[in-house]
Amino acid sequence: MVDALGVAVVGFGWMGRVHAQAYARVRHHYPHLALRPELVAVAEEVPGRAEEAAEQFGFASTTRDWREVAADPRVGAVSITAPNFLHREIAVAMAEAGKHIWIEKPVGLSTGDARAVADAVAAAGVQGAVGFNYRNAPAVEAARDLIATGGIGTVTHVRIRLFSDYAAHPESALTWRYERERGGSGVLGDLASHGVDLARFLLGDIASLTADTAIFLPERARPTAATAGHSRAAGGELGPVENEDYVNCLLRFASGARGVLEACRVSVGEQNNYGFEVHGTTGAVFWDFRRMNELGVSRGTGYQDQPVSTVYVGPGHGEFAAFQPGAANAMGYDDLKVVEAYRFLRSVAEGVPHGAGLPDAVHSAAVLEAMARSALSGGWVTPEVPA
């Protein structure tokens, strides 16, 4: 018998929509999942947006106040896709109300916020999942397995890139994302958080780092109405951009490997250019999100002039078999969130965590804060991960 689990979504911008779609699709891909998510509530403060969500996705009720969701006995699990400055307050309240949480990264504005959410989840005995979706790509999981089994020898160095143009237009609206008080960091929280998670997922903990950051578009126009995604606000009153557009960082891993992580939100000509190159003593592995279902792999005994082969992931890699029957059939971004929903719901059903969780968010936040400290000091910094 399959048990129903009432779920709610708090914050219904683009990411809230992605979560709702993942809940709607998850049992299509995982028919043996022990829980059946039911969309019982959606909370969104922008007038009319929750009602639109209910009409499209079938939420049973709507509200503009997330506190009503915390008090709703029908709700057993909550997706938190609200802006960063609300993450801690909402997540702690939901955990204390006994609700499992699936929360988007970076989980607040600081390591302290992420730690507070992790502690609340642990104290309440509920499950917590975090939206580090790129690690869910079957090719990324295949790369991790290749690295872990010595398929490219001992890892020597890695380069991780996350370049995008979502904030490149000078008329992009000055939303909460560009404010320290509500957005926290800029490209660190938006993109580099994913890079840190990929680095740890593939190679383990980061021992020390040195970083540099920059703001390339120092002013943007204030929006005159509610915004969603990366809206424009031509002609509005100009205000200062308070957080970074760009970061580059040198990494030293606990394993002894070295790394480079670079992220930018204003890279004209780059659309979701995310990926990594991992080099070892006998080979290398390459991944590009824009060709999500492929890996470039070099391995063997040639060393010099050793070729790179393209490997198409298939049913034997990660969760690929839940979506496609054979190698080289494409999966997309939204499928990664379905995988995330599955692992979250499986965690709830079994009472043990599966996939990225709050400890991963705490580690990521600590590394991001180390980057910020290094950018100010100009020196090498050790991430301070709270116990």
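Residue numbers run from 1 in the order of the sequence given. Below, each value reflects all heavy atoms present in this structure, side chains not excepted, and no hydrogens, waters or symmetry copies.
- Checked against the 6.0 Å centroid criterion, the rings of Phe323 and His29 qualify as a close aromatic pair.
- A salt bridge does not link Glu141 with Arg144: every distance from a Lys NZ or Arg NE/NH1/NH2 to an Asp or Glu carboxylate oxygen is 4.0 Å or more.
- Ion pairing between a basic and an acidic side chain is recognised when a charged N comes within 4.0 Å of a carboxylate O; Glu340 and Lys337 show such pairing.
- Grouping the Ile, Leu, Val, Met, Phe, Trp and Tyr side chains by contacts below 4.5 angstrom, directly or via other members, places Val266 apart from Val241.
- To the nearest 0.5 angstrom, Tyr246 atom OH is 14.0 Å from Arg265 atom CZ.
- Clustering ILVMFWY residues whenever any of their side-chain heavy atoms sit less than 4.5 angstrom apart, transitively, puts Val278 in a cluster other than the one holding Leu250.
- When each of Phe12, Phe59, Trp102 is paired with His19, the ring pair (Phe, Tyr, Trp, His ring centres under 6.0 Å) condition holds for Trp102 and for no other.
- More than 12 heavy atoms of other shown residues, nucleotides or ligands fall within 6.0 angstrom of atom CZ in Arg25.
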**Prompt:** Can you list the steps and then say if Arg161 with Tyr274 is a side-chain contact (heavy atoms from CB on, under 4.5 Å)?
**Reply:** CA-CA 5 Å; Arg161 68 187 186 281; Tyr274 310 152; 5.9 Å; no

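- A distance of 4.5 Å separates NE2 of His169 from CD of Glu171, quoted to the nearest 0.5 Å.
- Rounding to the nearest 0.5 Å gives a distance of 10.0 Å between CG of Leu5 and NZ of Lys99.
- Heavy-atom neighbours of Gln21 CD from other residues, nucleotides or ligands within 6.0 Å: above the threshold of 12.
- Side-chain atoms of Ser298 come within 3.5 Å of backbone N or O of Pro307 as a donor-acceptor pair.
- Using a 30° and 60° split on the angle between ring planes, Phe344 and Tyr23 fall in the tilted class, from 30° to 60°.
- Residues Leu203 and Val158 have side chains in contact (heavy-atom distance under 4.5 Å, counting atoms from C-beta outward).
- Of the charged side-chain nitrogens involved, none lies within less than 4.0 Å of a carboxylate oxygen, so that Lys105 and Asp360 do not count as a salt-bridged pair.
- Considering every non-hydrogen atom in both Cys249 and Leu209, the closest pair reads SG-CB, 3.7 Å.
- In this structure, the side chain of Ser374 does not engage the main chain of Ala370 through any donor-acceptor pair within 3.5 Å.
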**Asked** Does the side-chain contact (heavy atoms from CB on, under 4.5 Å) test come out yes or no for Val9 and Phe57, once each step is laid out?
**Response** CA-CA 11 Å; Val9 176; Phe57 291 96; over 6 Å; no

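- Proximity of a side-chain donor or acceptor of Asn243 to a complementary backbone N or O of Arg177 within less than 3.5 Å is detected.
- Rounding to the nearest 0.5 Å places CG of Leu162 at 11.0 Å from CZ of Phe276.
- Looking at heavy atoms from C-beta onward, Val7 lies in side-chain contact with Leu39 at the 4.5 angstrom threshold.
- No single ILVMFWY cluster, assembled from side-chain heavy atoms under 4.5 Å apart, contains both Val362 and Phe201.
- Once rounded to the nearest 0.5 Å, the distance linking OG of Ser193 with CE of Met371 reads 9.5 Å.
- For the residue pair Asn273/Arg290, the side-chain donor-acceptor check at 3.5 Å is satisfied.
- Of the charged side-chain nitrogens involved, none lies within less than 4.0 Å of a carboxylate oxygen, so that Asp334 and Arg17 do not count as a salt-bridged pair.
- For the pair Ile103/Met94, no side-chain contact is recorded, criterion being any heavy-atom separation below 4.5 Å from C-beta on.
- The backbone N or O of Gly183 lies less than 3.5 Å from a partner atom in the side chain of Asn84, making a donor-acceptor pair.
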**Request:** Could you check Ser172 against Tyr166 for side-chain contact (heavy atoms from CB on, under 4.5 Å), going step by step and ending with a plain yes or no?
**Result:** CA-CA 9 Å; Ser172 294; Tyr166 66 81; over 6 Å; no

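- Side chain of Glu52 to backbone of Arg49: no donor-acceptor contact under 3.5 angstrom is found.
- Under a 4.0 Å N-O distance rule, the pair Glu68/Arg74 does not qualify as a salt bridge.
- Summarising the geometry of Ala43 relative to Val69, their closest heavy-atom pair is CB-CG2, 3.9 Å, with the distance given to 0.1 Å.
- By the 4.0 Å N-to-carboxylate-O rule, Arg180 lies close enough to Glu244 to be salt-bridged with it.
- Salt bridge status for Glu51 with Arg64: absent, with no side-chain N to carboxylate O gap under 4.0 Å.
- In the hydrophobic clustering of this structure, Leu198 does not group with Val385; members are Ile, Leu, Val, Met, Phe, Trp, Tyr whose side-chain heavy atoms approach within less than 4.5 Å, directly or through other members.
- Under the 4.5 Å side-chain heavy-atom criterion for Ile, Leu, Val, Met, Phe, Trp and Tyr, Ile80 and Val40 are members of the same hydrophobic cluster.
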**Request:** Dump the intermediate steps for side chain to side chain donor-acceptor pair (under 3.5 Å) on Glu104 and Thr81, then the final yes or no.
**Result:** CA-CA 6 Å; Glu104 276 305 314; Thr81 55; over 6 Å; no

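- Using a 4.0 Å cut-off between charged nitrogen and carboxylate oxygen, Glu38 and Arg36 count as a salt-bridge pair.
- Taking CG of Leu191 as the start and CD of Glu262 as the end, the distance is 12.0 Å to the nearest 0.5 Å.
- Salt bridge status for Glu277 with Arg159: present, with a side-chain N to carboxylate O gap under 4.0 Å.
- In this structure the side chain of Ile152 reaches within 4.5 angstrom of the side chain of Ile147, judged on heavy atoms.
- Considering only heavy atoms from C-beta on, Gln324 stays 4.5 Å or farther from Asn293 through its side chain.
- Aromatic pair Tyr333/Trp14: ring centres closer than 6.0 Å.
- No donor-acceptor pair under 3.5 Å is formed between the side chain of His279 and the backbone N or O of Ala284.
- Cation-pi contact between Arg220 and Tyr178: present, with separation from the ring centre below 6.0 Å and deviation from the ring axis of at most 45°.
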With a cut-off of 3.5 Å and sequence neighbours excluded, list every side-chain donor-acceptor pair involving residues 308-321.
{"residue": "His317", "atom": "ND1", "partner": "Gly314", "partner atom": "N", "Å": "2.9"}
{"residue": "Glu319", "atom": "OE1", "partner": "Tyr30", "partner atom": "OH", "Å": "3.0"}

